[in-house]
J.: 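Let me begin by handing over the structure; questions about it come next.
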Amino acid sequence: MYDYTEFKEHKAYKYMEDCVNDRLIVMRKNHEIVNFKTPRYVKLQCKAILDDLEQQNNEDFPYYFDIKEMKKIVNLTKIINLGDGLQRGKPCFYALAPFQWVIILNLMCWRYKSNPKKRRYESCLISLSRKNGKTALVGIMMIILMLIEDKYGQYYSLAPNKELSSIIKNEMNKLIESSPYISKYFKNVRTELRCQLNKSTFQPLAFNENRLDSRQISSYICDEVGEFPPNSSAIESMTSGMQNVVSKLGFLISTAYPTENNLFESWVEYSEKVLQGLVKDDKHFSLLYRPDDEYLEDYLNENCIFQSNPLSVYLSSLDIHDNMEFLYKKREDSINIPSTTTNYKTKLLNIPVNGVVGETYLSLDELRPCMIKDYNWQGREVYLGIDLAFSQDNCGLAMLTYDNELRKYVAQMFCFIPSDSLEKKIKAERVDYRRYCENEWCYAIGDRIVDYAWIEEFIVKVLKEKFGVKVIAISFDKYNATATIHNIEAKTDIECVEIPQTFMVLSPAIKKLKDSILTYEFAYVENELFELNCCNAVVVSNPSGSLYRVSKKSSNFKIDMLASLLNAFVTIDSFEVKKSVYESQGIDYYDNLWDF
């Protein structure tokens with residue numbers, strides 16, 4: 001029996017409850033109390049933790065929250081003192097904000113039932129604005145790990161350059177020098193920090209200066225990941241160095257950056273997918289303190305400040321208002337000095353400013369109610385949409401019909417990837433393609449490149465034999481599809497229709513599909529990869545704002561299946577369909593209207 005009653009009394013637990021129930025408050029200088037909404041993904045992570053605490057006594061749940069470990073860490077924080085800041089000299093036990101306790105205790109205390117020495121969480125992502133205690137937090141975490149973990153542990157910080165990476169080491173030195181009960185166990189040398197209690201070391205690294213491979217790594221911190229190049233393998237190299245470690249932890253932390261693409265944003269997107277349930281990873285923890293989408297149109301809204309600055313909010317409750325006053329001053333500067341606006345948004349509100357003018361096409365909450373487990377396609381007349389990519393990339397196929405009885409469009413989507421790229425794509429995109437293939441949502445075909453002949457066979461033969469459908473037309477984007485379409489036309493009498501990828505052609509289909517989803521006039525056969533496509537797609541408008549299309553460049557993930565479905569919608573919507581069986585005496589009539 002795992003009893004977590006003592007944890008319920010801790011400020012970390014109470015903070016998570018407040019987050020889930022939208023009970024967060026900020027206190028103004030005049031002592032007025034203002035309630036504000038919990039950032040969406042913080043709320044989801046806190047709810048997941050509270051749910052896990054409830055189910056830890058279930059036999060099939062593999063983890064438990066270790067109360068003894070919690071007590072050990074709490075006692076350690078009573079002898080580690082802050083070295084600087086508004087609360088310098090105070091023991092961390094009193095100075096840590098509730099959100100910082102949530103991070104420390106959840107990362108350190110969740111354990112495997114089968115091996116209590118093994119911690120649950122192996123990766124952690126924290127997104128915070130500047131001056132919210134990031135460096136002190138990771139410094140405290142590293143000191144605790146060096147004191148209580150196994151002998152000869154090797155701990156590292158990683159940043160774009162040695163100066164940035166050394167900031168954490170410098171913070172650790174301040175903490176240690178301000179803490180007489182632990183300072184005798186540490187020795188600071190030029191290149192590293194040593195804990196003589198168990199012979200562990202901490203060393204700052206720079207990915208542009210140090211060789212990262214061939215290191216035995218116990219845990220690591222990557223600071224200011226927003227400055228890492230989008231194609232950097234630095235984090236992968238650090239993670240592979242922990243392969244033989246029982247309790248490992250990769251800690252990623254950063255503010256937003258004014259760049260269109262960076263490595264941190266790809267990890268933020270991954271964390272969002274995990275919290276939405278689109279990707280299954282119960283060993284990944286994240287807290288994303290960013291303004292919710294509803295506030296982004298007006299960045300001057302003070303909710304943007306509250307949601308992205310948890311330390312400033314906490315300090316205001318202690319009647320310490322310096323941080324909050326600073327933020328209000330910078331907000332005024334962003335109005336009066338336009339050149340400061342980007343810095344204010346990215347560094348103080350934690351809003352990634354990437355230059356993309358667009359908006360998310362669909363949320364999972366909008367899409368998921370339209371999901372069905374299965375559908376009887378036998379005898380259905382269908383419209384196919386295909387979106388073929390380079391031979392090493394994802395290709396999409398959508399099968400679409402209109403069900404008169406259900407009064408709904410019904411679709412089933414398929415994805416095709418090269419077999420030899422499977423493991424590489426799983427690592428690079430952090431998406432479980434192997435499971436998707438097992439569920440036949442995706443097919444790994446060919447070797448190093450996608451086998452287009454296999455896709456042709458799938459369209460011409462497999463769909464008919466396996467699903468019993470009659471293909472009326474195939475809609476395609478001619479990019480990379482010309483040869484495939486010619487082969488299909490040579491083998492069949494299926495009408496193949498090129499869909500120009502223009503605002504004028506695609507905008508009606510984009511609107512039709514979304515309207516059908518929001519009014520529950522659309523159903524799709526279960527496919528989590530298709531859900532990832534939709535929920536990470538970004539639509540952009542033409543200069544007048546009157547027409548839309550989905551932008552592959554601006555979207556946060558592959559959207560091939562969504563693109564193929566939109567192509568099919570252009571086709572099916574170009575036929576005048578008599579949807580009432582009474583009006584048509586049970587027969588559907590199609591008038592070809594190929595005038596785009």
J.: How many angstroms lie between atom CZ of Arg111 and atom NZ of Lys118, to the nearest 0.5 angstrom?
T.: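 Rounded to the nearest 0.5 Å, the CZ-NZ separation comes to 12.0 Å.
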J.: So, for Phe61 and Tyr63, is the gap between ring centers shorter than 6.0 Å?
T.: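 Ring centres of Tyr63 and Phe61 closer than 6.0 Å.
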J.: With a cut-off of under 6.0 Å to the ring centre and 45° to the axis, is Lys283 in cation-pi contact with Tyr121?
T.: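 The answer is no; the distance or angle limit is not met.
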J.: Salt bridge check: are Glu528 and Arg435 linked by an N-O gap of less than 4.0 Å?
T.: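 Between Arg435 and Glu528 there is a salt bridge, with a charged N closer than 4.0 Å to a carboxylate O.
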J.: Going by an N to O cut-off under 4.0 Å, is there a salt bridge joining Arg194 and Glu192?
T.: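 Result for this pair is yes, salt bridge flagged.
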J.: Does Asp150 pair with Lys117 as a salt bridge, N-O distance under 4.0 Å?
T.: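 Salt bridge between Asp150 and Lys117, a charged N being under 4.0 Å from a carboxylate O: no.
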J.: Do Gln276 and Asp365 touch side chain to side chain, with heavy atoms closer than 4.5 Å?
T.: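 Of all side-chain heavy-atom pairs linking Asp365 with Gln276, none is under 4.5 Å.
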J.: Do Ser127 and Tyr41 get their side chains close enough for a donor-acceptor pair, meaning under 3.5 Å?
T.: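 Their side chains do not contain a donor-acceptor pair, so the 3.5 Å distance test is not met.
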J.: Heavy atoms only: give me the nearest Ile144-Ile73 pair and the separation to one decimal.
T.: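 For Ile144 and Ile73, the tightest heavy-atom pair comes out as CD1-CG2, 4.0 Å.
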J.: Quick check, are the ring centers of His284 and Tyr270 under 6.0 angstrom apart?
T.: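 Aromatic pair counts; centres sit under 6.0 Å.
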J.: If you round to the nearest 0.5 Å, how far is CG of Asp223 from CG of Leu252?
T.: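 Rounded to the nearest 0.5 Å, the CG-CG separation comes to 10.5 Å.
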J.: Does any non-hydrogen side-chain atom of Ser219 lie less than 4.5 Å from one of Arg119?
T.: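 They are in contact (side-chain heavy atoms under 4.5 Å apart), so the answer is yes.
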J.: State whether Asp60 and Lys113 are salt-bridged, where the test is any N-O pair (Lys NZ or Arg NE/NH1/NH2 against Asp/Glu carboxylate O) under 4.0 Å.
T.: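 Salt bridge absent between Asp60 and Lys113.
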J.: In terms of side-chain geometry, is the basic nitrogen of Lys71 or Glu6 positioned less than 4.0 Å from the acidic oxygen of its partner?
T.: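 Result for this pair is yes, salt bridge flagged.
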J.: Is any NZ, NE, NH1 or NH2 atom of the basic residue among Lys174 and Asp84 found under 4.0 Å from an Asp or Glu carboxylate oxygen of the other?
T.: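 A salt bridge links Lys174 with Asp84.
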J.: Do the charged groups of Glu17 and Lys14 touch, with an N to O distance under 4.0 Å?
T.: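 Salt bridge absent between Glu17 and Lys14.
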J.: Answer with yes or no after comparing the ring centroid distance for Phe306 and Phe36 against a 6.0 Å cut-off, counting only values under it.
T.: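 Yes, ring centres under 6.0 Å apart.
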J.: Do Lys347 and Tyr257 form a cation-pi contact, if we require the NZ or CZ to be under 6.0 Å from the six-membered ring centre and within 45 degrees of the ring's axis?
T.: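 Output yes; distance and angle both within limits.
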J.: Between the side chains of Arg28 and Glu302, is the shortest nitrogen-to-carboxylate-oxygen separation below 4.0 Å, so that they form an ion pair?
T.: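 A salt bridge is present here (some side-chain N lies under 4.0 Å from a carboxylate O).
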J.: Hey, mind stepping through Asp22 and Thr38 against side-chain hydrogen bond (donor to acceptor under 3.5 Å, both in side chains) and telling me if it holds?
T.: CA-CA 5 Å; Asp22 284 321; Thr38 308; 3.2 Å; yes
J.: Step by step, would you call Gln307 with Asp292 a side-chain hydrogen bond (donor to acceptor under 3.5 Å, both in side chains)?
T.: CA-CA 8 Å; Gln307 288 194 326; Asp292 288 342; 3.3 Å; yes
J.: Checking ring-ring contact (aromatic ring centres under 6.0 Å, His included) between Phe65 and each of Tyr2, Tyr4, Trp110, which is the one that passes?
T.: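 Among the candidates, only Trp110 passes.
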J.: Does the distance from a Lys or Arg side-chain N to an Asp or Glu carboxylate O, for Glu265 and Arg290, drop under 4.0 Å?
T.: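 So Glu265 pairs with Arg290 through a salt bridge.
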J.: Are the side chain of Asn21 and the backbone of Arg23 linked by a donor-acceptor contact shorter than 3.5 Å?
T.: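 Answer holds: no.
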J.: Going through the distances and angles, do Asp319 and Lys29 end up as a salt bridge (charged side-chain N to carboxylate O under 4.0 Å, His left out)?
T.: CA-CA 7 Å; Asp319 215 11; Lys29 205 168 185 179; over 6 Å; no
J.: Do the two ring centres, one from Tyr13 and one from Phe7, sit under 6.0 Å apart?
T.: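 Between Phe7 and Tyr13, which both carry aromatic rings, the centre distance is below 6.0 Å.
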J.: Determine whether the side chains of Asn188 and Lys169 contain a donor N or O and an acceptor N or O closer than 3.5 Å.
T.: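 There is such a pair between these side chains.
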